[in-house]
Amino acid sequence: MNVNDKTYRERVFEIVRGIPAGKVMTYGQIAIILGEGYTARTVGYVMHGAEDGVPWQRVINSQGKCSTDKLTLPHSLQQGMLESEGVIFSAAGKCDLGVYQWHPAGFEPESDDQTTLFG
DNA sequence: AACTTGACGAGGG
DNA sequence: CCCCTCGCCAAGT
């Protein structure tokens with residue numbers, strides 16, 4: 001399995017393309033969904049080579065922060081793109097995953113207690 | 001084949 | 001909240 005294999009990379013991109021604007025997913029979350037020997041690191045490795053119009057900005061780390069701060073990309077470019085989609089970041093550059101994290105159909109968390117929302 | 005890096009994650013101080 | 005350590009998998013030298 002090689003990150004350059006189209007099938008390998010496509011599985012990651014397929015999920016990322018499914019993230020709607022204003023929502024985010026974490027590297028580790030994507031790795032868990034793919035299962036097959038993927039880890040947060042490999043997903044990140046695949047993501048840094050995203051080119052197919054994949055909304056890479058919607059993939060952040062498990063802390064709710066952008067991992068692109070000190071890298072090739074200008075500081076807060078990713079955060080700025082997400083803010084344009086409505087994601088609110090704290091002064092420390094962190095967003096609330098409990099609010100913005102996207103869960104693909106079939107991989108939703110256990111929490112179904114929305115019945116208590118409005119009594 | 002060995003060693004280092006890297007858009008990561010969890011745990012501890 | 002910041003910093004460090006260790007585990008993880010693939011790529012580049």
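A, B, ... follow the sequence lines: proteins, then strands. Residue 1 opens every chain.
- Separating the CD atom of A:Gln78 from the P atom of B:dA7 is a distance of 12 Å, rounded to the nearest angstrom.
- A:Ile32 belongs to no hydrophobic cluster, as no Ile, Leu, Val, Met, Phe, Trp or Tyr side chain comes under 4.5 Å of its own.
- Checked by distance alone, A:Arg41 brings a side-chain donor or acceptor within 3.5 Å of a matching partner on the base of B:dC8.
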Dump the pairs, protein N or O against N or O of nucleotides 10-13 of chain B, anything under 3.5 Å, distances to one decimal.
unit_1	atom_1	unit_2	atom_2	d
B:dA10	OP2	A:Ser62	OG	3.2

Name the atoms and distances for all side-chain donor-acceptor pairs under 3.5 Å in residues 81-89 of chain A, with sequence neighbours left out.
unit_1	atom_1	unit_2	atom_2	d
A:Glu83	OE2	A:Gln79	NE2	3.3
A:Ser84	OG	A:Gly80	O	2.9
A:Glu85	OE1	A:Gly22	N	3.1
A:Glu85	OE1	A:Arg58	NE	3.0
A:Glu85	OE2	A:Gln57	NE2	3.0
A:Glu85	OE2	A:Arg58	NE	3.2
A:Glu85	OE2	A:Arg58	NH2	2.9

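- A straight line from OH of A:Tyr38 to C1' of C:dA11 spans 16 Å, rounded to a whole angstrom.
- Nucleotide C:dC1 holds its C1' atom 8 Å from the NZ atom of A:Lys94, rounded to whole Å.
- The distance from atom CE of A:Met25 to atom C1' of B:dA7 is 15 Å, rounded to the nearest whole Å.
- Summarising the geometry, the separation between CD on A:Gln101 and P on B:dC8 is reported as 16 Å, rounded to the nearest angstrom.
- If you check B:dA7, B:dG9, C:dC9 against the side chain of A:His48, the one that comes closest is B:dA7.
- Straight-line distance from the OH atom of A:Tyr27 to the C1' atom of C:dA10: 16 Å, rounded to whole Å.
- Linking Ile, Leu, Val, Met, Phe, Trp and Tyr residues whenever their side-chain heavy atoms come within less than 4.5 Å leaves A:Val24 and A:Ile33 in two separate clusters.
- A:Gln63 places its CD atom 9 Å from the P atom of C:dC2, with the value rounded to the nearest Å.
- Within the 4.5 Å cutoff, no side-chain heavy atoms of A:Lys65 are placed close to those of A:Gln78.
- Summarising the geometry, the separation between OH on A:Tyr45 and P on B:dA7 is reported as 9 Å, rounded to the nearest angstrom.
- Checking B:dA7, B:dG9, C:dA10 against every side-chain atom of A:Met47, the shortest atom distance belongs to B:dA7.
- The 12-atom threshold is exceeded at NZ of A:Lys23, counting heavy atoms of other residues, nucleotides or ligands nearer than 6.0 Å.
- The phosphate of B:dC8 has OP1 or OP2 within less than 4.0 Å of a side-chain N or O from A:Ser67.
- Distances from the side chain of A:Ala92 to the nucleotides B:dA7, C:dC1, C:dC9 place C:dC1 closest.
- Taking the side chain as every heavy atom from C-beta outward, A:Tyr8 and A:Val46 approach each other to under 4.5 Å.
- Checked by atom type and distance alone, the side chain of A:Gln29 pairs as donor or acceptor with a backbone atom of A:Trp102 at under 3.5 Å.
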